[in-house]
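Every number for a ligand or one of its atoms is a count from 1 in the order of the listing.
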Amino acid sequence: MTKPLRKVVFPVAGLGTRFLPATKVVAKEMLPVLDKPLIQYAVDEAVDAGADTLVFVTNRYKHAIADYFDKAYELEAKLEEKGKDELLALVQGTLPSNVRAIFVTQPEAHGLGHAVLCAKPVVGDEPFGIILPDDLIWNGQIGAGRKGALGQMAALAESEHAGVIAVEEVPHDQTDKYGIVDAEPVDARSARIRYMVEKPRPADAPSNLAVVGRYVLPGRIFELLEQTEPGAGGEIQLTDAIEALLTEQGKVLAYRFEGTRFDCGNKAGLVRATMHMAMQDPKLAPVVREFVGQL
Ligand code: UTP
């Protein structure tokens, strides 16, 4: 993949059942870690990676995501009137002015692969990134000299002319929760994938390297997704199409990113992320420490 990455897809049309009843009306991606919703961390990471076009694959219940990135006329006017410049900058800064947000719908939740395929008309035939916002990957404040996970992967995809998938070591007894790769190490962070298997039992898993929510893939993946038959639960699996890409192109890389991943798709992960971010904040850290001590 010689072209730099410009487009990033956010599949956000899932049902978020693990956060019911909140997710009856609040999109999972709008759940906050301190004062920022998960989707904002994801967008900041995409922009850091060089993206200027963000494609949100959403559903008819998730208007809040579009509203969040839209102009908030009344609120902005009020903040301006009151001279609250810092807050105004926060409200206006959810999306940089040179970046555009495009919304497409996934009419029914037929799986991650199907959600990605819905972005085909916008992405076309060029390399693109995918971020699952419920996997929050924190590598320090963006702009402070450290690249976000997707930016690290985009650089590798460009230099190696290959698709890149983020992986992380998980405890051996948890392989049945993830896509697991068997890969030949290239250097400390990257490895050439030999094959991938979806949610293997620990005894059958070829390794403990799990696929997590970041991908850089060529536009070709869309045609492969179109040919992918529904798999487990009637869902079209992105993993199956990546397997087909691997067979066809012979080279897809697994990449151990620099940063810490919080699986905010479940309650424990969201609590951990919140505690972690609070501990980075000089005002909040002593409060958290004291409160945890009391508990
Ligand atoms: P999850 O497996 O976390 O499912 O999806 P979910 O529906 O969001 O949450 P739970 O398991 O019911 O609590 C992984 C990612 O794929 C997206 C989700 O929005 C999430 O970002 N997704 C999943 C879609 O966009 N469409 C789908 O049909 C399925």
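When each atom of ligand 1 is checked for a heavy atom of A109 under 4.0 Å away, the hits are 28 (O). Per-residue contacts place L112 under 4.0 angstrom from the following atoms of ligand 1 (heavy atoms of the residue considered): 16 (O), 29 (C). Applying the 4.0 Å criterion to heavy atoms of H110 picks out, from ligand 1, the atoms 28 (O). Annotation for ligand 1: atoms under 4.0 Å from non-hydrogen atoms of L15 are 6 (P), 7 (O). Less than 4.0 angstrom separates some heavy atom of Q106 from each of these atoms of ligand 1: 24 (C), 25 (O), 26 (N), 27 (C), 28 (O). Near A115, meaning under 4.0 Å from any of its heavy atoms, are these atoms of ligand 1: 24 (C), 25 (O), 26 (N). The atoms of ligand 1 that sit less than 4.0 Å from any heavy atom of D134 are 3 (O).
Remark: ligand 1 and P133 share no N or O pair separated by less than 3.5 Å (distance only, no angle test). Any N or O atom pair closer than 3.5 Å counts here, and G111 shares at least one such pair with ligand 1.
Nearest approach of P11 to V116, heavy atoms of both residues: CG-CG2, 4.2 Å.
When hydrogens are left out, the protein atom nearest atom 25 (O) of ligand 1 is A13 N, 2.9 Å; that is the closest non-hydrogen contact. Scanning the protein heavy atoms around atom 14 (C) of ligand 1, the nearest turns out to be L132 CD1, 4.3 Å. For atom 19 (O) of ligand 1, the closest non-hydrogen atom of the protein is G14 N, 2.9 Å. Here the protein heavy atom with the shortest distance to atom 21 (O) of ligand 1 is P11 O, 2.8 Å. What sits closest to atom 2 (O) of ligand 1 on the protein, heavy atoms only, is R18 NH2, 4.2 Å.
Using a cut-off of 4.0 Å between Lys/Arg side-chain N and Asp/Glu carboxylate O, E258 and K147 are scored as not salt-bridged. Salt-bridge check for R6 with D52: passed, with a basic side-chain N closer than 4.0 Å to an acidic carboxylate O. A salt bridge is absent between K120 and E223: the closest approach of a Lys/Arg side-chain nitrogen to an acidic carboxylate oxygen does not fall below 4.0 angstrom.
More than 12 heavy atoms of other shown residues, nucleotides or ligands fall within 6.0 angstrom of atom CZ in R194. Other residues, nucleotides and ligands contribute over 12 non-hydrogen atoms within 6.0 Å of the CE atom of M279.
Both the backbone and the side chain of T17 come within contact range of ligand 1, each with a heavy atom under 4.0 Å. Counting heavy atoms closer than 4.0 Å to ligand 1, residue K28 contributes side-chain atoms (C-beta onward) but none from N, CA, C or O.
Distances from atom 16 (O) of ligand 1 to the protein include at least one heavy-atom value under 4.0 Å.
Linking Ile, Leu, Val, Met, Phe, Trp and Tyr residues whenever their side-chain heavy atoms come within less than 4.5 Å leaves F69 and L87 in two separate clusters. Cluster annotation: F19 and L34 are assigned to the same hydrophobic cluster (Ile/Leu/Val/Met/Phe/Trp/Tyr, side-chain heavy-atom contacts under 4.5 Å, transitive). No continuous path of hydrophobic side-chain contacts links L95 to L79 [ILVMFWY only; heavy atoms under 4.5 Å].
In terms of modelled atom types and a separation under 3.5 Å, the side chain of S207 and the main chain of L209 share a donor-acceptor contact.
A cation-pi arrangement is found for K36 relative to Y41, the charged atom lying closer than 6.0 Å to the ring centre and inside a 45° cone about the ring normal.
E29 counts as a contact of ligand 1, since one of its heavy atoms falls under 4.0 Å from the ligand.
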